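Reviewing the structure listed below.
In this text the structure is predicted, and so the values were computed from the model without any measurement.
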Amino acid sequence: MSDTDGPWLVVGLGNPGPEYAANRHNVGFMVADLLAERMGGRFKAHKARAQVVEGRVGPPGPANRRVVLAKPMSYMNLSGGPTAALSDFYKVPAARIIAVHDELDIDYGALRLKCGGGDNGHNGLKSLTKSFGPDYFRVRFGIGRPPGRMDVAAFVLKDFSSTERKELDYFVDRAADAVEALVLEGLERAQSTYNS
């Protein structure tokens, strides 16, 4: 049963380059890095302009699932191109694609899992939806709204605050757990555990 329906594609959204690494907008990359670590894999360059790790999640045996983790190297607003190319290469339909991304309209650290929907002004999601439609899964990682009148673009491209960083590892860990639960148990069970 494990591979009859093929692999899942888990795409962490972010911007490539060290200057973006700790930005709020790069939390998708952080979750993908942790998942790669758990799978014992290292990201390697793929011709689809992405970094990729192939591995498995779940217990040893027939219950586990093949997963391709990806970090598009195209910048956030062009994430759809590399993701669509990977989806073609690995033969993964949109129904088995999970995008992990930052979400302004959710309090910091809270998670929401869903399938389909709009892009809520998120350029990464906009690009994915343009490339293969809206019917993919999203693990939305809350970063909260910018304080005062701060520009949204400036806020998402800033590093997490020192206060936020104290809990960041815990929240990234929980988001990685949520991705694994979504792959192994399906949306409803994962939502009932992780939607906060």
Side-chain angles (χ1 to χ4, degrees), residues 8-43 50-53 55 57 67-77 79 83 97-114 119-125 127-128 136-185 187 190-196:
W8 284 74
L9 176 57
V10 176
V11 184
L13 295 182
N15 286 308
E19 67 274 33
Y20 298 107
N23 287 181
R24 292 182 176 93
H25 221 19
N26 269 42
V27 77
F29 275 17
M30 296 172 198
V31 175
D33 286 338
L34 179 58
L35 285 164
E37 204 178 293
R38 290 181 181 184
M39 292 191 324
R42 298 176 74 122
F43 279 99
Q51 298 263 321
V52 169
V53 174
V57 298
V67 168
V68 177
L69 290 174
K71 297 193 293 187
M73 292 287 116
S74 58
Y75 291 99
M76 179 69 87
N77 58 347
S79 305
T83 303
I97 295 175
I98 301 171
V100 184
H101 63 92
D102 57 306
E103 178 64 65
L104 287 159
D105 287 335
I106 301 173
D107 290 341
Y108 173 63
L111 294 175
R112 294 265 198 301
L113 282 62
K114 71 176 201 170
D119 56 53
N120 209 13
H122 192 290
N123 288 332
L125 296 181
S127 179
L128 293 185
Y136 53 92
F137 291 101
R138 298 102 189 273
V139 172
R140 303 157 72 207
F141 187 110
I143 59 168
R145 281 262 162 211
R149 295 171 181 266
M150 184 193 245
D151 178 58
V152 164
F155 177 71
V156 299
L157 292 174
K158 278 206 173 347
D159 291 359
F160 285 101
S161 70
S162 52
T163 312
E164 287 169 335
R165 279 199 299 272
K166 291 186 178 116
E167 294 179 296
L168 184 59
D169 287 348
Y170 168 75
F171 289 139
V172 167
D173 195 64
R174 196 160 177 274
D177 289 347
V179 170
E180 291 180 349
L182 182 51
V183 169
L184 294 166
E185 300 168 16
L187 181 62
Q191 281 176 326
S192 68
T193 307
Y194 293 100
N195 274 16
S196 43

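By the 4.0 Å N-to-carboxylate-O rule, Arg165 lies too far from Asp159 to be salt-bridged with it. Look at Arg145 and Asp105 and you find a salt bridge, because one of the NZ, NE, NH1 or NH2 atoms lies within 4.0 Å of a carboxylate O, short of that distance.
For Arg24 and Phe155, the positive end sits near the middle of the six-membered ring, less than 6.0 Å away and at most 45° from its axis.
A heavy-atom distance below 4.5 Å is found between the side chains of Asp102 and His122. Between Leu69 and Phe43 the shortest side-chain heavy-atom distance falls below 4.5 Å. At a threshold of 4.5 Å between non-hydrogen side-chain atoms, the residues Leu104 and Val152 count as touching. Residues Val31 and Val139 are not in side-chain contact: their nearest non-hydrogen atoms beyond the backbone lie 4.5 Å or more apart. Counting heavy atoms from C-beta outward, Asp33 and Leu35 have side chains that stay 4.5 Å or more apart.
The minimum heavy-atom distance linking Met76 with His25 is given by the pair CE-O, 3.3 Å. Nearest heavy-atom pair across Gln191 and Lys114 is NE2-CA, 4.0 Å. Listed here is the closest heavy atom pair of Leu111 and Ala178: CD1-CB, 4.0 Å. Between Phe141 and Ala175, the closest heavy-atom pair is CD1-CB, 3.9 Å. Nearest heavy atoms, Gly121 versus Asp119: N-OD1, 2.8 Å.
Ring geometry, Tyr108 versus Phe160: the interplanar angle falls from 30° to 60°, so the pair is classed tilted.
Partner of Val53 under the side chain to side chain contact (heavy atoms under 4.5 Å, CB included) criterion, chosen from Glu37, Lys71, Met39: Met39. Partner of Val10 under the side chain to side chain contact (heavy atoms under 4.5 Å, CB included) criterion, out of Val57, Ile98, Val68: Ile98 alone.
Rounded to the nearest 0.5 angstrom, Trp8 CH2 and Ile97 CD1 are separated by 10.0 Å. Considering NE2 of His101 and CG of Leu128, their distance stands at 9.0 Å, rounded to 0.5 Å. Atom-to-atom distance recorded for Leu168:CG and Ser161:OG is 9.5 Å, nearest 0.5 angstrom.
Every residue two or more places apart in sequence or in another chain that forms a salt bridge (charged side-chain N to carboxylate O under 4.0 Å, His left out) with Arg38 is listed here: Asp173, Asp177, Glu180.
The backbone N or O of Leu113 sits less than 3.5 Å from a side-chain atom of Asn195, completing a donor-acceptor pair. Side chain of Asp151 to backbone of Ala154: a donor-acceptor contact under 3.5 angstrom is found. The closest donor-acceptor contact from the side chain of Thr83 to the backbone of Ser79 lies under 3.5 Å.
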Step by step, would you call Arg138 with Glu103 a salt bridge (Lys or Arg N to Asp or Glu O under 4.0 Å)? CA-CA 10 Å; Arg138 298 102 189 273; Glu103 178 64 65; over 6 Å; no

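For the 3.5 Å distance criterion, the side chains of Asn15 and Asn23 fail to qualify, holding no donor opposite an acceptor.
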